[in-house]
Q: 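Below you'll find the structure I mean.
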Amino acid sequence: MSPFNKRLAPPRMFGLPVLTALSGLGTLMGLLSAVVFPNPFATLALLVAFSALPPGLWAASVGDDIVFARVYWARYWDTKAASEEARWV
């Protein structure tokens, strides 16, 4: 990765993008809380756990390509035109 891309790369926590790490932590804490809390709060903890999962999966699938997505969308919002090379988004 070039220095320019390293500068724009997402920050990491435990070797994962921050959103992935935080969402995994939220899912884990929600699942563990669902075991400990009484019934109404256990349901709420399960909802929190399952709602934290999709953003983390998305961030893990995108990974370091978020750099290119940011540049693509910034250019698109400024010019309302997309280049042929960047149509992978």
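From a predicted model like this one, the values you see are computed outputs, not experimental measurements.
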Q: Looking only at heavy atoms, which two atoms of Ala34 and Ala42 are closest? And how far apart?
A: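 So the two residues come closest at O-CB, 3.4 Å.
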Q: Nearest 0.5 Å, please: how far is CG in Leu44 from CZ in Phe37?
A: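 Taking CZ in Phe37 and CG in Leu44, the distance rounds to 9.0 Å.
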Q: Any side-chain heavy atom of Thr27 sitting closer than 4.5 Å to one from Leu31?
A: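 Contact flag for Thr27/Leu31 side chains = yes.
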Q: Kindly compute the distance separating CH2 (Trp58) from CG (Leu19), expressed to the nearest 0.5 Å.
A: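 Separation between the atoms: 7.0 Å.
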Q: Do you know which two heavy atoms are closest between Gly26 and Ala52, and how far apart they sit?
A: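 That closest heavy-atom pairing would be C-CB, 4.3 Å.
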Q: What distance separates Ser23 OG from Leu57 CG, expressed to the nearest 0.5 Å?
A: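 If I round to the nearest 0.5 Å, the distance is 6.5 Å.
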